Amino acid sequence: MKIDTRLSERLKKINPSLTLAITAKAKKLKIEGKDVISFAAGEPDFDTPNLIKDAAVEAIQSGFTKYTPTTGIPELKKLISEKFKKDNSLDYDVKQIVVSCGAKHSIFNTLFVLIDKGDEVLIPSPYWVSYPEMVNLCEGIPRFIKTLSANNFKIRPEDLLKHISLKTKALFLNSPANPTGCVYNENELRQIAKICVNKKIFVISDEIYEKIIFDEIRIVSIASLGKDIYDLTITVNGLSKSYAMTGWRIGYLGGPQDIVEAISNLQDHSTSNPTSIAQKAAVAALSMPDTFSKEMTIEFQKRRDYIVERLKKMKKISYVLPRGAFYIFCDVSATKLDSMTFSNRLLDELLIAVIPGMAFGNDDYIRISFATSLKEIERGMDRLEEWLNKI
Ligand code: PMP
Ligand code: GLU
């Protein structure tokens, strides 16, 4: 088939998402009856709370099944505005908020309205798999800022400065980060903010993992650090991770009004509103006391601590302690296997699914997700330890 002449140049460069592909493969093998242990999942293994499900059922029963305003229903946007104030010390009026079909959609919309062909977008590496592809889709140029494990995979001011050119339009920040679990502190964010303000660079701050945070460290939203950086920041968040609602597809952003209006226009002519039913479910989620994500986080921290104890004793594998999210990024270069070979061998020989670091821009690493039960983690760690001793 001569696909090349049929697809746009824009699409030819795009790869499928490895995270989604491997997660789907592991699920399929499980359904086929294979004893697969999946450390691939990019979603909490907890069920969506009943209160949220009930609100969705109620929305269906009461006929709340029609178009809504493109950027979301007023009661949801009001709750999001209050959440930004309470959790992030951010003043976003409802006019500065757009609800979309997942944070992925919010990020894509942001890039689409900001980026012209050839504009450069800075992406700290390792990065979440979709950032560079979304930049490519918008005909921008992803410019990677390599970070070091010795610096907990965080960019330093000098790294940032070195990568800025006249074409630089925006910088991605993701704290807590996927796949490394790194979290920026206030001082680090202040230094980054200062540079972005000086150079007039937008910040796309992806805060989707903000509720999953360990060791009682404090998260800070970069936009809360002053008026100048607030005016340059688009703060992205969503309900997928905090409320175990990945399938409902509700994400949102807050940002400067002109950018938000452009995103609203884009959404008018692309997806229209996110699903009406899911929006009602989101209203229920944001009205609940904040206990669900706290309980989930306690469980995630237990699992992280367990994995770390096990990995410490293993040969040929090392890691940087994650301070948030539910992933641990492990250096497997001592095995002399690249990340794809390592991951394929784990799946073929041990029935363990992990994501190769290649998906995140680092071929020496693999990503282990601990969004699975402690029992499964224990079994997986036993298999891995035995195998690493052998190879
Ligand atoms: N950002 C990061 C860093 C993620 O890991 C994810 C998970 N898919 C998303 C954004 C998007 O989440 P969603 O579209 O489900 O809201
Ligand atoms: N963010 C998750 C992950 O990194 C979900 C998969 C995806 O959307 O790519 O695995």
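Because the structure is a prediction, the values reported are computed rather than measured. Ligands are counted one by one from 1 in listed order, and the atoms in each one are counted from 1 as well.
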Colleague: Provide the number and element of each atom of ligand 1 under 4.0 Å from a heavy atom of Ser240.
Modeller: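 Matching atoms, with element in brackets: 13 (P), 15 (O), 16 (O).
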Colleague: We want to know whether Lys83 and Asn88 form a side-chain donor-acceptor pair, criterion being a heavy-atom distance below 3.5 angstrom.
Modeller: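 The answer is yes; a qualifying pair exists.
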Colleague: What's the shortest distance from atom 3 (C) of ligand 2 to any protein heavy atom, and which residue and atom give it?
Modeller: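 Of every protein heavy atom, Arg367 NH1, 3.5 Å lies nearest to atom 3 (C) of ligand 2.
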Colleague: Please state which protein non-hydrogen atom is closest to atom 8 (O) of ligand 2 and give its distance, to 0.1 Å?
Modeller: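 Here the nearest protein heavy atom works out to Lys104 NZ, 3.0 Å.
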Colleague: Would you sort out whether Phe112 and Met134 count as a side-chain contact (heavy atoms from CB on, under 4.5 Å), showing the intermediate values?
Modeller: CA-CA 9 Å; Phe112 200 85; Met134 289 199 264; over 6 Å; no
Colleague: Below 3.5 Å, N or O to N or O, backbone or side chain included: is there any such pair between Tyr131 and ligand 1?
Modeller: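 In fact, backbone or side chain, Tyr131 has no N or O that close.
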Colleague: Under 3.5 Å, is there a donor-acceptor pair linking the side chains of Ser175 and Glu207?
Modeller: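 No, no side-chain donor-acceptor pair sits under 3.5 Å.
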Colleague: Quick one: which ligand 1 atoms are inside 4.0 Å of a heavy atom on Asp206?
Modeller: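 With Asp206 as reference, the close atoms of ligand 1 come out as 1 (N), 2 (C), 3 (C), 10 (C).
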Colleague: What protein heavy atom sits nearest atom 16 (O) of ligand 1, and how far away is it?
Modeller: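 Among all protein heavy atoms, the one nearest atom 16 (O) of ligand 1 is Ala103 N, 2.7 Å.
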Colleague: Show me which atoms of ligand 2 lie under 4.0 Å from any heavy atom of Lys241.
Modeller: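 In order of numbering, the contacting atoms are 1 (N), 2 (C).
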Colleague: Against Glu82, only a single residue in Lys86, Lys85, Lys78 fulfils salt bridge (charged side-chain N to carboxylate O under 4.0 Å, His left out); can you say which?
Modeller: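 Exactly one candidate clears the test, Lys78.
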Colleague: At a 4.0 Å threshold, what atoms of ligand 2 neighbour a non-hydrogen atom of Ser17?
Modeller: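 Checking each atom against Ser17, I get 9 (O).
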Colleague: Going by the atom numbers of ligand 2, which of them fall below 4.0 Å from some non-hydrogen atom of Asn178?
Modeller: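 Listed by number with element, the hits are 1 (N), 3 (C), 4 (O).
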Colleague: Only heavy atoms of Arg249, strictly under 4.0 Å: list the atoms of ligand 1 that pass.
Modeller: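 In order of numbering, the contacting atoms are 13 (P), 14 (O), 15 (O).
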Colleague: Less than 3.5 Å between some nitrogen or oxygen of Thr19 and one of ligand 2, yes or no?
Modeller: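 Right, the criterion is met.
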Colleague: At a 4.0 Å threshold, what atoms of ligand 1 neighbour a non-hydrogen atom of Asn174?
Modeller: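 That gives atoms 3 (C) of ligand 1.
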Colleague: Which ligand 1 atoms does Gly102 reach within 4.0 Å, using its non-hydrogen atoms?
Modeller: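 This gives 14 (O), 16 (O) as the contact atoms.
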Colleague: Going by distance only, is there an N or O of Asn178 that falls short of 3.5 Å from an N or O of ligand 1?
Modeller: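 Yes - when backbone and side-chain N and O of Asn178 are compared with those of ligand 1, one distance drops under 3.5 Å.
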Colleague: For the CH2 atom of Trp128 and the CG atom of Asn174, what is their distance to the nearest 0.5 Å?
Modeller: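 Rounded to the nearest 0.5 Å, the CH2-CG separation comes out at 8.5 Å.
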Colleague: Give yes if a backbone or side-chain nitrogen or oxygen of Ile250 is under 3.5 Å from a nitrogen or oxygen of ligand 1, and no if not.
Modeller: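 Ile250 vs ligand 1: no N/O contact under 3.5 Å.
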Colleague: Classify the side-chain pair Arg218/Asn185 by whether it contains a donor and acceptor separated by less than 3.5 Å.
Modeller: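 On atom types as modelled, these side chains do not qualify, holding no pair under 3.5 Å.
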Colleague: Hey, would you say the Tyr365 and Phe360 ring centroids sit under 6.0 Å apart?
Modeller: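 Tyr365 vs Phe360: aromatic centres not under 6.0 Å.
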Colleague: Note the single closest protein heavy atom to atom 5 (C) of ligand 2, along with its residue, its atom name and the distance in Å.
Modeller: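 Sorting protein heavy atoms by distance from atom 5 (C) of ligand 2 puts Gly42 O, 3.8 Å first.
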Colleague: For atom 7 (C) of ligand 1, which protein heavy atom lies nearest, and how many Å away is it?
Modeller: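 Ranking protein heavy atoms by distance from atom 7 (C) of ligand 1, first comes Lys241 NZ, 2.7 Å.
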Colleague: When the ring planes of Tyr92 and Tyr230 are compared, do they come out parallel, tilted or perpendicular, using 30° and 60° as the limits?
Modeller: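 Answer is parallel, since the angle falls under 30°.
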Colleague: Among side-chain atoms of Thr19 and Ser17, is any donor-acceptor pair under 3.5 angstrom?
Modeller: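 Looking only at side-chain atoms, Ser17 and Thr19 do form a donor-acceptor pair, the distance falling under 3.5 Å.
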Colleague: Considering only heavy atoms, does His105 approach ligand 1 within less than 4.0 Å through its side chain, its backbone, both, or neither?
Modeller: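 Within the 4.0 Å criterion, His105 makes no contact with ligand 1.
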Colleague: On a heavy-atom basis, I'd like to know which of Tyr127, Trp128, Trp248 is closest to atom 10 (C) of ligand 1.
Modeller: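 Among Tyr127, Trp128, Trp248, the closest heavy atom to atom 10 (C) of ligand 1 belongs to Trp128.
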Colleague: Please determine whether the number of non-hydrogen atoms from other residues, nucleotides or ligands lying under 6.0 Å from atom NZ of Lys27 exceeds 12.
Modeller: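 Atom NZ in Lys27 is not crowded, with 12 or fewer foreign heavy atoms closer than 6.0 Å.
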Colleague: With a 4.5 Å limit on heavy-atom distance, are the side chains of Ser333 and Asp363 in contact?
Modeller: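 No, every pair of side-chain atoms sits at 4.5 Å or beyond.
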Colleague: I'd like to check Asp47 versus Lys53 (side-chain heavy atoms, cut-off strictly below 4.5 Å). Are they in contact?
Modeller: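 Answer yes - side chains close enough.
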